[in-house]
Amino acid sequence: MKSLVYSKDEALLDGFKFGVAFNMSPALNPCFTQSVDERGYWLLIESDADGDNQTYELSQEHGLEHTDTGVEI
């Protein structure tokens with residue numbers, strides 16, 4: 001499964017990444033890729049978990065909001 005998380009706040013995204021890494025089972029073989037583009041900071045989380053690929057936006061005002069089914073970088 002792939003999850004893509006966008007945020008305008010790099011520190012918020014870093015904290016989110018730490019929380020996911022801390023809580024994710026090592027058996028799911030998580031892989032994190034983080035960068036920035038014209039849309040903002042992004043974090044790609046790839047794992048062996050079952051499920052559909054999803055895209056989210058993370059903000060202090062609204063938390064984690066689902067924006068799209070699928071992942072496009």
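We use all heavy atoms of the structure for the numbers below, so side chains are in, but hydrogens, waters and symmetry mates are not. For clarity, every value in this text was computed on a predicted model and none was experimentally measured.
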Qualifying residues under side-chain hydrogen bond (donor to acceptor under 3.5 Å, both in side chains), relative to Gln34, sequence neighbours excluded: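 Checked Gln34 against side-chain hydrogen bond (donor to acceptor under 3.5 Å, both in side chains); matches are Asp14.
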First locate atom OG1 of Thr69, then atom CG of Asp52, and finally report the distance between them rounded to the nearest 0.5 Å.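 Result: 7.0 Å between the selected atoms.
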If I take atom OG1 from residue Thr55 and atom CD from residue Glu65, how far apart are they, to the nearest 0.5 angstrom?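 These two atoms lie 13.5 Å from each other.
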Hydrophobic cluster mates of Leu43, side-chain heavy atoms under 4.5 angstrom, ILVMFWY only, any path?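 Members alongside Leu43: Val5, Leu12, Leu13, Phe16, Val20, Met24, Leu28, Phe32, Val36, Tyr41, Ile45, Tyr56, Leu58, Leu64.
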Smallest separation among heavy atoms of Ser47 and Pro30, with atom names: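 In terms of heavy atoms, the two residues are closest at CB-CA, 4.3 Å.
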Do other residues, nucleotides or ligands put more than 12 heavy atoms under 6.0 Å from the NZ atom of Lys2?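 Open.
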Can you establish whether the number of heavy atoms outside Asn23 located under 6.0 Å from its atom CG is more than 12?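 More than 12 heavy atoms, drawn from other residues, nucleotides or ligands, come within 6.0 Å of this atom.
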Is there a side-chain contact between Met1 and Asn53, using heavy atoms and a 4.5 Å cut-off?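 Result yes, sub-4.5 Å side-chain heavy-atom pair found.
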